[in-house]
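What follows is a single structure, written as structure tokens, with notes after it.
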Amino acid sequence: MKILQYFDKGSVQLGLLTAHGVLAVSHTLEEILALGDEGLAILEAFADENWKDAAYKKLEDLTLAPVVSQPEKILCIGLNYQTHLDECKMEFPEYPVIFSKFNNALAAHGEEIVLPKSAEKFDYEAELVIVIGKTASYVPENEALDYVLGYTIGNDLSARDLQLRTHQWLLGKTCDQFAPVGPCIVTKDELNVDAGHLDIACYVNGEQRQKANTEDMIFSCAKIVSYLSQHMTLKPGDLIFTGTPSGVILGHPKGTRNWMKSGDVVRVEIEGIGALENRLK
């Protein structure tokens with residue numbers, strides 16, 4: 001299934017993206033997440049029962065909301081592709097590098113991103129994002145994917161001048177709207193369980209900047225979920241950005257870094273999920 005959220009008369013509406021269009025669901029995402037596997041079964045039954053008589057909406061006519069409205073946590077894995085390590089001249093990590101974003105950073109597919117006035121060096125990071133489906137604590141790696149609802153696309157937008165001002169990256173990572181996600185959540189059964197062999201790419205104004213495959217990740221999705229669950233309880237709806245491949249602006253030699261600016265359009269594509277596109281303002 002492909003699950004999304006959109007705005008309808010000022011409220012957030014849950015929908016299923018199908019070959020016929022978007023089918024409005026008479027439940028909230030929070031209700032579905034609270035029910036775990038039973039929630040997914042409810043969505044499947046709803047789609048089966050209503051697909052013939054439904055009034056489908058066209059995706060392009062909708063104003064999408066972030067795929068999760070209020071995650072308890074937005075966690076991010078840094079330096080998780082060897083090629084990105086190389087371009088940043090960083091050492092191989094013994095453990096996953098963890099940082100966070102806050103809910104103020106959430107944005108949706110198609111949403112215009114207002115760049116902060118306090119920074120100048122804006123960069124993109126195309127990322128596969130894990131969406132947690134069940135409460136996970138001290139989960140072994142071989143069971144970790146049982147706690148995953150599905151996957152979506154993320155762009156870990158970064159203000160590099162703020163990020164590198166101190167040894168803590170947070171300030172440059174969680175500016176308003178700096179965590180666009182979408183356009184939908186693809187459940188793991190439809191995509192493939194571990195999302196470990198998906199093409200990922202990033203384009204700025206139509207020019208390809210990043211191209212890789214998720215099989216190049218140093219720490220797999222299962223390892224990431226298991227590792228994080230040893231240190232904190234993961235909750236349904238939590239988002240985990242899994243790292244970016246090479247090709248970011250920061251990786252270019254000094255003097256050749258053309259940072260993003262107002263008017264640029266950034267598009268992240270991941271095989272089997274779709275495309276996440278945002279214009280900068």
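All figures in this text were calculated on a predicted structure; none of them were measured in a lab.
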Legend entry - Derivation of the side chain to side chain contact (heavy atoms under 4.5 Å, CB included) call for Phe241 and Val181: CA-CA 10 Å; Phe241 285 64; Val181 285; 3.6 Å; yes

Legend entry - salt bridge (Lys or Arg N to Asp or Glu O under 4.0 Å) evaluation trace for Glu112 with Arg279: CA-CA 5 Å; Glu112 192 170 60; Arg279 179 182 293 274; 5.1 Å; no

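A donor and an acceptor atom, one from each side chain of Gln177 and Glu111, are located under 3.5 Å apart. Remark: the Thr135 side chain and the Lys235 side chain contain no N/O donor-acceptor pair separated by less than 3.5 Å. No side-chain donor-acceptor contact under 3.5 Å links Gln13 and Tyr6.
Using a cutoff of 4.0 Å between basic side-chain nitrogens and carboxylate oxygens, Lys188 and Asp194 are not scored as salt-bridged. Here Asp156 pairs with Lys101 in a salt bridge; the nearest charged N to carboxylate O distance falls below 4.0 Å.
Panel note: side chain Ser229, backbone Val139; a donor-acceptor pair is recorded below 3.5 Å. Between the side chain of Asn80 and the main chain of Thr242, a donor-acceptor pair closer than 3.5 Å is present. Checked by atom type and distance alone, the side chain of Asn155 pairs as donor or acceptor with a backbone atom of Glu125 at under 3.5 Å. Under a 3.5 Å cut-off, the side chain of Thr152 and the backbone N or O of Cys184 do form a donor-acceptor pair. Judged by distance alone, the side chain of Glu190 and the main-chain N or O of Met1 form a donor-acceptor pair under 3.5 Å. Of the possible donor and acceptor atoms, none in the side chain of Gln210 sits under 3.5 Å from a partner among the backbone N and O of Cys202. Judged by distance alone, the side chain of Thr63 and the main-chain N or O of Phe7 form no donor-acceptor pair under 3.5 Å. A donor-acceptor pair is defined here as one N or O able to donate and one able to accept, closer than 3.5 Å; such a pair exists between the side chain of Tyr124 and the backbone of Gly247.
The shortest heavy-atom contact between Tyr81 and Gly243 is CE1-O, 3.4 Å. Nearest heavy atom pair, residue Ala275 against residue Ile153, reads N-CD1, 3.7 Å. The shortest non-hydrogen separation linking Gly36 to Lys134 is CA-CG, 4.3 Å. The minimum heavy-atom distance linking Phe99 with Ile77 is given by the pair CE2-C, 4.2 Å. Scanning both residues, Val12 and Gln5, for their nearest heavy atoms gives CG1-OE1, 3.4 Å. Minimum heavy-atom separation, Ala108 to Asn278: O-ND2, 2.8 Å.
With a 6.0 Å radius and a threshold of 12 heavy atoms from other residues, nucleotides or ligands, Lys73 has its NZ atom above the threshold. Other residues, nucleotides and ligands contribute over 12 non-hydrogen atoms within 6.0 Å of the CG atom of Asn142. Other residues, nucleotides and ligands place no more than 12 heavy atoms under 6.0 Å from the CD atom of Glu120. Counted within 6.0 Å of CD on Gln168, heavy atoms from surrounding residues, nucleotides or ligands total 12 or fewer; the atom is thus considered open. Remark: Tyr95 OH is loosely packed, at most 12 non-hydrogen atoms of other residues, nucleotides or ligands lying under 6.0 Å away.
Ring geometry for His27 versus Phe46: interplanar angle over 60°, hence perpendicular rather than tilted (30 to 60°).
Applying the side-chain contact (heavy atoms from CB on, under 4.5 Å) test between Cys175 and each of Leu157, Leu162, Leu115, Asn104 identifies Leu162 as the sole match.
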